[in-house]
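Right, one structure below, let's go through it.
All figures in this text were calculated on a predicted structure; none of them were measured in a lab.
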Amino acid sequence: MIRAVQESDIRQIVSIEARLFGKGAWTYAMVRQELNAPARTYLVDVADSLAAGLPGGEERRIRGYGGFWYDGDDAELMTIGVDAPYQRQGIGSAILEALLTQAATQGARRMLLEVRVDNDAAISMYEAFGFVRIGLRRRYYQPEGVDAYTMAVDIGQSRGSGESKGDE
């Protein structure tokens with residue numbers, strides 16, 4: 001189930017960040033600041049309690065999350081991540097599709113993003129949605145100094161998730 005991020009989700013998001021992004025992961029303070037910044041939209045994919053094997057009273061497991069910033073013209077995908085055990089199940093695509101829908105609802109005409117040049121799964125997913133490379137940012141990801149592609153899609157031209165199940 002995809003829903004808006006809640007304050008109680010931050011700890012799980014930070015844990016997933018650390019597993020996915022290592023030294024480049026956002027800290028608790030960074031995640032909290034980002035979620036509370038103006039013009040941000042963040043969503044999480046939460047496992048159904050029964051499907052995840054969780055008793056009714058236990059915290060629901062966050063499988064993935066993502067969000068964007070919208071400045072009145074372009075939406076900027078700030079982050080998207082799917083916890084390793086849930087990758088390649090279409091969760092990243094579902095989150096991205098929901099974010100594109102939210103951006104369109106808010107009036108965005110285009111979505112931009114940066115992606116590591118070595119993240120083939122994410123690049124494939126973005127391309128399946130119609131994103132195209134429009135630039136290269138040298139040494140964008142720190143502390144590793146990895147380059148990033150800048151990609152964009154006209155939101156009305158986005159193709160949706162039916163074409164790929166590659167997830168970040």
Side-chain angles (χ1 to χ4, degrees), residues 1-17 19-21 24-26 30-48 60-116 119-135 137 140-141 148-168:
M1 168 182 78
I2 295 177
R3 63 162 170 75
V5 169
Q6 300 169 359
E7 183 82 17
S8 60
D9 297 332
I10 295 175
R11 290 202 189 286
Q12 284 189 69
I13 291 170
V14 170
S15 293
I16 296 169
E17 273 278 315
R19 288 190 294 275
L20 293 178
F21 303 116
W26 290 357
M30 293 165 75
V31 170
R32 188 163 195 215
Q33 180 179 3
E34 176 64 19
L35 295 177
N36 291 320
R40 301 307 201 268
T41 299
Y42 275 82
L43 304 173
V44 292
D45 177 273
V46 182
D48 177 67
R60 290 180 161 217
R61 167 93 41 216
I62 292 174
R63 299 182 296 188
Y65 60 93
F68 67 87
W69 169 58
Y70 174 56
D71 69 0
D73 191 27
D74 291 332
E76 172 76 23
L77 185 67
M78 301 302 288
T79 190
I80 189 165
V82 176
D83 207 359
Y86 306 106
Q87 291 178 1
R88 302 212 179 273
Q89 297 178 31
I91 293 168
S93 293
I95 292 169
L96 182 57
E97 185 169 15
L99 290 170
L100 286 163
T101 299
Q102 287 284 324
T105 299
Q106 293 177 31
R109 291 182 275 170
R110 182 170 74 155
M111 183 172 278
L112 304 169
L113 62 84
E114 286 81 28
V115 60
R116 288 174 63 115
N119 191 341
D120 295 331
I123 292 166
S124 293
M125 179 181 73
Y126 297 139
E127 288 174 342
F129 276 85
F131 282 86
V132 295
R133 295 176 199 171
I134 61 170
R137 294 189 176 201
Y140 180 80
Y141 287 99
Y149 292 125
T150 301
M151 300 180 79
V153 66
D154 291 330
I155 290 179
Q157 302 300 312
S158 167
R159 287 181 258 182
S161 66
E163 298 183 29
S164 173
K165 288 205 174 202
D167 291 330
E168 200 172 41

Please give me the minimum heavy-atom distance between [X] and [Y], naming the atom from each residue.
X    : Y    : answer
G92  : M125 : C-SD, 3.5 Å
I134 : A152 : CD1-CB, 3.9 Å
A103 : I155 : CB-CD1, 3.7 Å
A98  : L43  : CB-CD1, 3.6 Å

Using a 4.5 Å cut-off on heavy atoms from C-beta on, say whether the side chain of [Y] contacts that of [X].
X   : Y    : result
T79 : Y42  : yes
Y86 : I16  : no
D83 : I62  : no
W26 : Q33  : no
L96 : F131 : yes

About how many Å separate [atom2] of [Y] and [atom1] of [X], when rounded to the nearest 0.5 Å?
X    : Y   : atom1 : atom2 : value
R40  : E76 : CZ    : CD    : 9.5 Å
M78  : L35 : CE    : CG    : 11.0 Å
I10  : R32 : CD1   : CZ    : 5.5 Å
T101 : I2  : OG1   : CD1   : 9.5 Å

Is the backbone of [Y] close enough, under 3.5 Å, to the side chain of [X] for a donor and an acceptor to pair up by distance?
X    : Y    : answer
Q87  : V82  : yes
E114 : A148 : no
Y140 : T150 : no

- Query: Quick one: side chain to side chain donor-acceptor pair (under 3.5 Å) partners of E17, sequence neighbours excluded?
  - Reply: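 Checked E17 against side chain to side chain donor-acceptor pair (under 3.5 Å); matches are Y65.
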
- Query: Which residues satisfy the side chain to side chain donor-acceptor pair (under 3.5 Å) test with Q106, sequence neighbours excluded?
  - Reply: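 Applying side chain to side chain donor-acceptor pair (under 3.5 Å) to Q106 gives T41.
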
Side chain to side chain contact (heavy atoms under 4.5 Å, CB included) partners for [X], two or more places apart:
X   : result
S15 : R19
R3  : M1, Q6, D9, V44, V46
D74 : D71, R110, L112

- Out of M151, E97, M111, which residue meets the side-chain contact (heavy atoms from CB on, under 4.5 Å) rule with F129?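 In the set M151, E97, M111, the residue that makes a side-chain contact (heavy atoms from CB on, under 4.5 Å) with F129 is E97.
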
- Y126 vs I80, side-chain contact (heavy atoms from CB on, under 4.5 Å): CA-CA, chis, key distance, verdict: CA-CA 11 Å; Y126 297 139; I80 189 165; 3.0 Å; yes

- Task: Could you tell me whether W69 atom CH2 has more than 12 heavy atoms of other residues or ligands within 6.0 Å of it?
- Result: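 No, not enclosed.
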
- Salt bridge or not for D73 and R109, using N-O below 4.0 Å?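 Here D73 pairs with R109 in a salt bridge, since their nearest N and O are under 4.0 Å apart.
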
- Message: Among residues at least two apart in sequence or on other chains, which ones pass salt bridge (charged side-chain N to carboxylate O under 4.0 Å, His left out) with R11?
- Response: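 Scan of R11 (salt bridge (charged side-chain N to carboxylate O under 4.0 Å, His left out), adjacent residues dropped) gives none.
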
